[in-house]
*Asks:* 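Pasting in a structure now, in structure tokens, and then I'll have a few things to ask.
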Amino acid sequence: MTLARHMRLLAVAVDYEFRKVAVFRVGFLVREVLNGVVEPLVMIAVYHAIYSQSTAASLGGWSYDEIVQYMLVVMFCRKVIIHNRALDVSTQIFEGYFTKYLVMPFRFTVLPVARWVQYTLLQLGVAGILWTIGALALPDVWPRPVSGVAAAQALTLCLIGSFCIFEMHLIVHLLAFWLDVVWSLLVMSNFITSFVSGAIMPVSQMPAALRDAFVWMFPYWAVCAPIEIFLGRLGTADFVRGLWVLALSLFALDLLRRFVWARGRHRFAGSGM
Amino acid sequence: MIGQVAKHLRILRSFARIGWIRKSQFRWEFFNQVIMDLLYYASHIFVFEILYAFEGGGGLPGWDLAAIRVFLGLVFVHDGFGMVWLGQGWHFGEDLKKGNLDPLRLRPAQPVLLYFFQRFSPEGLTNLLLGLGYLSWAIFSAGIELTPLLALLVAWALALAFFWETVLYVLWSCAEFWFTNSDLGRFANISIGVAGDRPVDIYHRYVRRLLLFVLPTGAATWVPATLILGRLGPTAALGYTVFSLAFGFGVFRFWRFGFRRYESAMG
């Protein structure tokens with residue numbers, strides 16, 4: 001009964017989130033369509049220059065064609081994974097209008113989750129359109145999944161990884177119950193996540209010590225590993241391992257978020273800090 | 001003219017004083033922002049150190065590891081300047097939407113300076129000093145001879161980097177006058193800025209010209225770095241400086257045109 005009520009609320013909140021992002025047309029183009037596109041293209045230019053200078057056929061285990069395909073798929077992972085500016089929970093806490101949610105008969109978390117659902121659905125749609133355009137315009141270089149199963153496995157890891165990152169962002173926002181500013185923590189988490197996930201360069205090109213550490217962290221299984229599964233460099237056994245790492249991370253993040261939420265609500269006095 | 005310059009310098013001094021007072025209340029945030037920027041610098045350094053460590057790889061054409069470190073030093077220093085003085089630029093779209101620019105019309109000083117330089121950041125200054133330290137180390141380890149001419153070139157390069165950082169913040173914000181709440185300024189600052197965080201000679205020649213003369217993010221990093229490395233001759237350096245001044249003051253005038261056209265919140 002309660003679950004059904006929350007699901008109905010989620011559907012209504014997702015609908016409102018969609019309406020909100022569609023209001024400003026140029027803003028929609030910039031925020032929703034171009035988001036995450038430029039950085040991988042710049043890295044392709046960097047790699048192009050490096051490979052043109054190189055005497056070896058592959059660098060760090062990646063040929064030029066493979067690294068271009070990797071960076072093209074990174075572009076789509078960056079789009080689908082929720083970014084650090086998508087939530088505004090900390091602003092609601094700082095400015096005090098968060099109070100009204102605490103007296104309403106539903107779980108507040110449904111609202112940020114609705115934003116994650118809206119963001120993911122929209123970005124999947126945009127990514128699908130851009131993917132089709134890219135595949136039609138550049139059929140020779142455009143990456144193709146090694147199999148349908150690999151594509152499904154990659155998408156599954158990417159989406160669960162995105163939800164882990166969403167939980168991490170939500171926890172940072174909830175720190176507004178104690179801190180006066182949280183944006184620097186969000187940006188910091190973004191830098192670390194980008195590097196650890198392989199959104200800047202493949203983790204398998206990094207030194208062994210970093211590689212061995214990063215495979216135990218959820219960002220790696222949100223970007224780098226799904227792409228390697230998509231391209232056929234990793235297999236089903238890696239997918240299962242990734243599911244375990246993500247499931248355990250999600251469990252730990254959810255526990256932490258509930259703890260921070262409970263302590264924060266106890267401390268909250270009408271406005272943040 | 002001298003009186004106007006002196007007045008604006010006094011305003012900057014007041015902004016710096018207010019920035020110190022404001023930040024003394026947020027000590028935790030001070031450390032967060034310093035660490036945040038150090039992570040940004042570290043990710044750049046890691047990426048290039050890894051790319052240059054590949055067996056059989058030669059790095060970027062025309063840029064050995066010593067030269068790329070000088071380039072990275074310039075990336076950090078120009079970013080540090082933006083963090084020290086231009087932090088308010090990140091809020092431009094929101095301020096425009098809320099009508100927060102209205103009081104600037106009543107102040108008897110340049111609105112570009114009053115708006116963009118109003119938020120002095122001591123933590124940004126810490127990072128700027130760290131960036132300068134990295135740049136000095138990079139110049140020293142590149143084996144460049146330390147002469148009075150080098151000191152002059154470094155001063156010239158830093159002046160260009162700081163001037164262009166200001167011009168770019170103002171340039172990106174101009175779009176918001178016409179497309180309110182579009183996030184175009186922030187998008188350009190981050191996305192086009194990323195292109196300038198890499199040496200522009202890695203791009204196709206059309207993109208290179210675009211990044212040096214139309215959306216000149218390369219002007220704040222690549223040009224000063226090549227100046228220090230002695231790759232830009234005196235004529236080219238002087239020519240580009242004249243272009244920089246003309247482009248920069250053109251951008252400031254264009255911003256003021258947009259500001260006059262803008263009527264108020266959602267105007």
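Scope of the values below: all heavy atoms of this structure, side chains included, with no hydrogens, waters or symmetry mates. A note on names: the letters A, B, ... follow the listed sequences, proteins ahead of strands, and every chain is numbered from 1. It should be emphasised that the depicted structure is a prediction, and the values quoted were computed from it without experimental measurement.
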*Asks:* For B:Ile190, which atoms come within 4.5 Å of any heavy atom of chain A: side chain, backbone, both, or neither?
*Replies:*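 Just its side chain gets close to chain A.
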
*Asks:* Are A:Trp116 and A:Ser162 close enough, and set up right, to give a side-chain hydrogen bond (donor to acceptor under 3.5 Å, both in side chains), and what steps lead you there?
*Replies:* CA-CA 9 Å; A:Trp116 180 82; A:Ser162 172; 3.0 Å; yes

*Asks:* Select one option (side chain, backbone, both, neither) describing which atoms of A:Ser189 are under 4.5 Å from chain B's heavy atoms.
*Replies:*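 Neither part.
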
*Asks:* Under the ring pair (Phe, Tyr, Trp, His ring centres under 6.0 Å) test against B:Phe92, which residue among B:Trp172, B:Tyr169, B:Phe177 passes?
*Replies:*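 Running ring pair (Phe, Tyr, Trp, His ring centres under 6.0 Å) over B:Trp172, B:Tyr169, B:Phe177 with B:Phe92 returns exactly one hit, B:Phe177.
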
*Asks:* Counting only heavy atoms not in A:Arg263, do more than 12 sit closer than 6.0 Å to its CZ atom?
*Replies:*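 Counting other residues, nucleotides and ligands, CZ of A:Arg263 stays at 12 neighbours or fewer.
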
*Asks:* If we define contacts as heavy-atom pairs under 4.5 Å, which of B:Ala188, B:Ser191, B:Pro61, B:Pro199 has the most with chain A?
*Replies:*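 So the answer, after comparing B:Ala188, B:Ser191, B:Pro61, B:Pro199, is B:Pro61.
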
*Asks:* With side-chain hydrogen bond (donor to acceptor under 3.5 Å, both in side chains) as the criterion, how do B:Trp85 and B:Thr166 come out once you've worked through the C-alpha distance, each side chain's angles and the decisive distance to 0.1 Å?
*Replies:* CA-CA 9 Å; B:Trp85 281 111; B:Thr166 310; over 6 Å; no

*Asks:* Check B:Phe48, B:Trp63, B:Trp137 against B:Arg69 for a side-chain contact (heavy atoms from CB on, under 4.5 Å) and give me the one that passes.
*Replies:*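 By the side-chain contact (heavy atoms from CB on, under 4.5 Å) criterion, B:Arg69 pairs with just one of B:Phe48, B:Trp63, B:Trp137: B:Trp137.
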
*Asks:* Considering only heavy atoms, which portion of A:Tyr51 lies under 4.5 Å from any heavy atom of chain B: side chain, backbone, both, or neither?
*Replies:*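 When you check distances to chain B, no heavy atom of A:Tyr51 falls under 4.5 Å.
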
*Asks:* Would you mind checking which part of B:Tyr40 comes under 4.5 Å of any heavy atom in chain A, side chain (CB onward), backbone (N, CA, C, O), both or neither?
*Replies:*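 It is both, since atoms from each part get that close.
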
*Asks:* Take atom OH of B:Tyr52 as the centre, draw a 6.0 Å sphere, and report whether it contains more than 12 heavy atoms from other residues, nucleotides or ligands.
*Replies:*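 Buried by this count: over 12 neighbours within 6.0 Å.
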
*Asks:* So with a 6.0 Å cut-off around NE2 of B:His91, is the heavy-atom count from everything else above 12?
*Replies:*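 Counting other residues, nucleotides and ligands, NE2 of B:His91 exceeds 12 neighbours.
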
*Asks:* Any idea which of B:Val194, B:Leu184, B:Asp201 has the most non-hydrogen atom pairs under 4.5 angstrom with chain A?
*Replies:*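 Option with the top pair count is B:Val194.
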
*Asks:* With a 4.5 angstrom heavy-atom cut-off, could you sort out which part of A:Ile50 is near chain B: side chain, backbone, both or neither?
*Replies:*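 The answer is both parts of A:Ile50.
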
*Asks:* Looking at A:Pro207, A:Ser54, A:Ala57, which has the largest count of heavy-atom pairs under 4.5 Å with chain B?
*Replies:*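 Highest number of pairs under 4.5 Å: A:Ser54.
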
*Asks:* Just so I understand: if I count every heavy-atom pair under 4.5 Å between each of A:Arg85, A:Gln205, A:Met201, A:Met206 and chain B, which residue has the most?
*Replies:*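 The residue among A:Arg85, A:Gln205, A:Met201, A:Met206 with the greatest pair count is A:Arg85.
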
*Asks:* With chain B, which of A:Leu185, A:Leu59, A:Leu34 has the greatest number of heavy-atom pairs at distances under 4.5 Å?
*Replies:*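 With the most close heavy-atom pairs to chain B, the winner is A:Leu59.
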
